[in-house]
Amino acid sequence: GAGVSQSPRYKVAKRGQDVALRCDPISGHVSLFWYQQALGQGPEFLTYFQNEAQLDKSGLPSDRFFAERPEGSVSTLKIQRTQQEDSAVYLCASSSEVAGGGETQYFGPGTRLLVL
Amino acid sequence: GQQVMQIPQYQHVQEGEDFTTYCNSSTTLSNIQWYKQRPGGHPVFLIQLVKSGEVKKQKRLTFQFGEAKKNSSLHITATQTTDVGTYFCAGPDGGSQGNLIFGKGTKLSVKP
């Protein structure tokens with residue numbers, strides 16, 4: 001079946017603009033994660049959804065970052081008033097199991113955000 | 001907070017040479033996962049180790065989980081150009097709902 005898809009694949013924003021990044025997880029996957037990956041670094045956790053419930057948003061770097069998954073499938077990560085330090089690849093991952101630390105996560109191709 | 005560290009950061013090898021990357025966690029892990037990220041790509045799951053002292057093999061790749069479940073290694077025998085990429089280890093964040101804490105990765109380049 002189809003894997004995790006993300007759109008757009010690339011986004012260039014002017015500093016101060018709002019952006020919205022979309023993630024389509026694997027159909028039926030309960031868990032959805034957002035990660036931020038800076039150049040040359042490993043992915044860093046942003047937030048986690050179990051179905052439509054956002055159970056952990058401890059990794060969101062500021063209140064400019066907001067994520068939702070209203071129907072328990074597609075998720076959107078919104079960044080308001082983008083700053084240059086927001087430039088990174090934003091990765092979405094999904095899993096068929098309720099997150100407990102042992103499940104395999106399947107990653108999407110990511111959205112590469114560049115803030116000028 | 002919990003940290004996962006990997007060494008080396010970079011490794012350049014001649015095709016046919018062996019390669020090893022090491023992963024150390026600041027805390028005991030219930031499991032450890034390894035991912036490969038090709039240049040320009042996204043992390044792709046390779047394997048999960050759960051048991052203390054576990055060793056798993058995938059063709060030329062050998063994965064080990066330490067006895068104390070705080071360290072792990074990935075060894076590639078006779079590297080090929082298709083092995084190029086960044087190898088990440090990741091462990092579950094014990095203080096959260098199960099997100100992964102990734103190491104910074106080891107970037108492998110293979111000279112033909």
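Below, read A as the first sequence line, B as the second, and so on, with proteins coming before strands; counting in each chain starts at 1.
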**OP:** Against chain A, label Q6(B) side chain, backbone, both or neither, depending on which of its atoms sit under 4.5 Å from a heavy atom there.
**Re:** neither

Original post:
Are E54(B) and K56(B) within salt-bridge range, i.e. N to O under 4.0 Å?
Top reply: yes

**OP:** Measure centre to centre between the rings of F102(B) and Y35(A), then say whether the value is under 6.0 Å.
**Re:** yes

**OP:** Tell me, out of G105(B), P43(B), A90(B), who's got the most heavy-atom pairs with chain A below 4.5 Å.
**Re:** P43(B)

**OP:** Given ring-ring contact (aromatic ring centres under 6.0 Å, His included), test F88(B) with Y35(B) step by step and report yes or no.
**Re:** CA-CA 5 Å; F88(B) 292 99; Y35(B) 290 79; 8.3 Å; no

**OP:** Could you tell me whether the side chain of R112(A) and the main chain of R9(A) form a donor-acceptor pair under 3.5 Å?
**Re:** no

Original post:
Which answer fits E44(A), side chain, backbone, both or neither, if we ask what part of it has an atom under 4.5 Å from a heavy atom of chain B?
Top reply: neither

Original post:
Which one, G42(A), A93(A), P43(A), leads in non-hydrogen pairs under 4.5 Å with chain B?
Top reply: P43(A)

